[in-house]
Amino acid sequence: MTTLPTPGEESSPTRLGGRFSTREFLPQWGPALPLLAFTFALLVLPALRLVHDTFALRGGGYGLDNIVKVIESPLDLRAIGGSLALGFVQATLATALGAPAAWLITRMRLGGKAFWLSLMNVASNFAGIGLAFGFVALIGATGMLTLLLGISFPSVGSFSGMNIVYLYFNIPMFVLLTLPALSVLKDDWQEAAEVCHATRWQFWRHVGLPVLAPFVTAGWLLIFTWTIGVYAVAYALAASPGSQKLITLQIGTTLESSVFGFERAAVLSVLLMVLAVGATALYRLSLRRAARWL
């Protein structure tokens, strides 16, 4: 039995034998071509060059010598450990503080919700050199709050100090990332649980937390990835005494002046890319699990 083509298929050359059709390709992909070219030039090509420089040897050929040198460097290992620890702590604290805040905002009325969303937007976008200077002026050795209260805060460049500074924009960012997802938890579900004589704790244990867990996990992964890749704030805080060593700071130091050579920066950059790709893959897996509730 022969099926007749639909009117759209009848005039489409790409349906006939799978032949390429410029007439259909340009309207569909034409507007995106400048963006794709821009992405290829500024993301794909530099990434390929970094991978090449990671394995390329100065004497010619390819090998793992550059990676071995980074692994054998105590300073580089300290920077890698510092970035991973900072990312883990920041993601955990942002989740612990941001998830309840996001949930409370979803329960607010329109006026209160608009106010807090505006505040979160401003805080999440206020980062970089300006944020670092603000915290130095606030809780630095001669900061306003330090002199006013007469107490000593941790150095803003130390691990504890960086955690204080980073939370300023990571908590609002986590709230903004997870706020739309929290609306998936319907009030009807809680009312149904109450009808079945379930306690509030039983509802959250068996319904609320399992539903929200993939969304919260996805937010955790995004904050972790964002934290280990931040450079401007870390660079501004690195001048403080006892500053924490981070991967991004090591890359910047290597590019400014390095005895080891630019291979160290390439290796550390590829490590950041691997961490980002791994976190992104887990992020997509978490969202795939959460999609069944949407």
Novice: Using a 4.5 Å cut-off on heavy atoms from C-beta on, say whether the side chain of L268 contacts that of I80.
Specialist: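 Heavy-atom side-chain distance check passes, below 4.5 Å.
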Novice: Using side-chain heavy atoms (C-beta onward) and a distance below 4.5 Å, is L64 in contact with F55?
Specialist: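 The answer is yes; the side chains approach within 4.5 Å.
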Novice: I need the full list of side-chain hydrogen bond (donor to acceptor under 3.5 Å, both in side chains) pairs touching residues 120-134, with sequence neighbours left out, sorted by first then second residue.
Specialist: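 Checked against side-chain hydrogen bond (donor to acceptor under 3.5 Å, both in side chains) - neighbours excluded - no pair reaches residues 120-134.
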Novice: Under the side-chain contact (heavy atoms from CB on, under 4.5 Å) rule, collect the residues that match up with A56, sequence neighbours excluded.
Specialist: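 Once residues adjacent in sequence are excluded, the partners of A56 under the side-chain contact (heavy atoms from CB on, under 4.5 Å) criterion are H52, Y62.
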Novice: Are L179 and T106 packed together at the side-chain level, in the sense that at least one heavy-atom pair is separated by less than 4.5 angstrom?
Specialist: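 The answer is yes, as the side chains (C-beta and beyond) meet within the 4.5 Å cut-off.
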Novice: Looking at OH of Y166 and CG of L93, how far apart are the two atoms once the value is rounded to the nearest 0.5 Å?
Specialist: 14.0 Å
Novice: Do T248 and V230 make a side-chain contact, defined as non-hydrogen atoms from C-beta onward lying under 4.5 Å apart?
Specialist: no
Novice: Would you say the side-chain atoms of S83 pair up with the backbone N or O of L246, donor to acceptor, closer than 3.5 Å?
Specialist: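 Here the side-chain-to-backbone pair does not exist.
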Novice: Can you measure from CD1 (I223) to CZ (F88) and round to the nearest 0.5 angstrom?
Specialist: 14.5 Å
Novice: Do the side chains of T217 and Y283 get nearer than 4.5 Å, heavy atoms only?
Specialist: no
Novice: Tell me, please, which residues at least two apart from H206 pass ring pair (Phe, Tyr, Trp, His ring centres under 6.0 Å).
Specialist: none
Novice: First locate atom CG of L249, then atom OG of S243, and finally report the distance between them rounded to the nearest 0.5 Å.
Specialist: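 Here the rounded value is 7.0 Å.
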Novice: Between T178 and W103, is any pair of side-chain heavy atoms under 4.5 Å apart?
Specialist: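 A side-chain contact under 4.5 Å is absent here.
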Novice: State, to 0.1 Å, how close L221 and S286 come at their nearest heavy-atom pair, and which atoms those are.
Specialist: CD1-OG, 4.2 Å
Novice: Under a 4.5 Å cut-off applied to non-hydrogen side-chain atoms, are Q202 and T199 in contact?
Specialist: yes
Novice: Measure the spacing between CE of M173 and OG1 of T227 and express it to the nearest 0.5 Å.
Specialist: 8.5 Å
Novice: Please round to the nearest 0.5 Å and tell me the distance separating atom CD1 of I247 and atom CG of L271.
Specialist: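 With rounding to 0.5 Å, CD1 (I247) is 4.5 Å from CG (L271).
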Novice: Would a hydrophobic clustering, with Ile, Leu, Val, Met, Phe, Trp and Tyr connected at side-chain separations under 4.5 Å, put I139 with L148?
Specialist: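 They do not share one cluster, since no chain of ILVMFWY contacts under 4.5 Å joins I139 to L148.
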Novice: Check whether any side-chain heavy atom of F159 sits under 4.5 Å from a side-chain heavy atom of V89, and report yes or no.
Specialist: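 The answer is yes, as the side chains (C-beta and beyond) meet within the 4.5 Å cut-off.
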Novice: CG of L285 to OG1 of T280: how many Å apart, nearest 0.5 Å?
Specialist: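 Here the rounded value is 12.5 Å.
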Novice: Decide, yes or no, whether a salt bridge links R58 with E263 under the criterion of side-chain N to carboxylate O below 4.0 Å.
Specialist: yes
Novice: Which Ile, Leu, Val, Met, Phe, Trp or Tyr residues join F40 in one cluster when any pair of side-chain heavy atoms under 4.5 Å counts as a link?
Specialist: V44, L45, L48
Novice: Does any N or O in the side chain of T146 come within less than 3.5 Å of the main-chain N or O of T142, such that one atom is a donor and the other an acceptor?
Specialist: no
Novice: Run the ring pair (Phe, Tyr, Trp, His ring centres under 6.0 Å) test against Y168 and tell me which residues pass, sequence neighbours left out.
Specialist: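 Testing Y168 for ring pair (Phe, Tyr, Trp, His ring centres under 6.0 Å), a comparison that skips the adjacent residues, returns F135.
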Novice: Mind checking ring pair (Phe, Tyr, Trp, His ring centres under 6.0 Å) for W116 and listing every partner two or more places apart, or none if nothing turns up?
Specialist: none
Novice: Sequence neighbours left out, what passes ring pair (Phe, Tyr, Trp, His ring centres under 6.0 Å) with Y235? Give chain and number order.
Specialist: Y231
Novice: Identify the heavy atoms of A96 and P100 that sit nearest to each other, and give their distance.
Specialist: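 Smallest interatomic distance, heavy atoms only, reads O-CD, 3.1 Å.
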Novice: How would you list all residue pairs meeting salt bridge (charged side-chain N to carboxylate O under 4.0 Å, His left out) that involve residues 193-205, not counting sequence neighbours?
Specialist: none
Novice: Partners of R49 by salt bridge (charged side-chain N to carboxylate O under 4.0 Å, His left out), sequence neighbours excluded?
Specialist: D53
Novice: How close do W226 and F169 get, counting heavy atoms only, and between which atoms?
Specialist: NE1-CE1, 3.2 Å
Novice: According to the side-chain hydrogen bond (donor to acceptor under 3.5 Å, both in side chains) rule, which pairs have a member within residues 85-102, sequence neighbours left out?
Specialist: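 Every pair satisfying side-chain hydrogen bond (donor to acceptor under 3.5 Å, both in side chains) with a residue in residues 85-102: Q90-N163, Q90-N170, T92-W220.
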Novice: For R109, give me all partners under salt bridge (charged side-chain N to carboxylate O under 4.0 Å, His left out), at least two apart in sequence or on another chain.
Specialist: none
Novice: Are more than 12 heavy atoms from other residues, nucleotides or ligands located less than 6.0 Å from atom CD1 of I151?
Specialist: yes
Novice: Which residue pairs satisfy the salt bridge (charged side-chain N to carboxylate O under 4.0 Å, His left out) criterion with at least one member in residues 72-96, sequence neighbours excluded?
Specialist: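 As it turns out, the salt bridge (charged side-chain N to carboxylate O under 4.0 Å, His left out) pairs with a partner in residues 72-96, which skip direct neighbours, are D76-R264.
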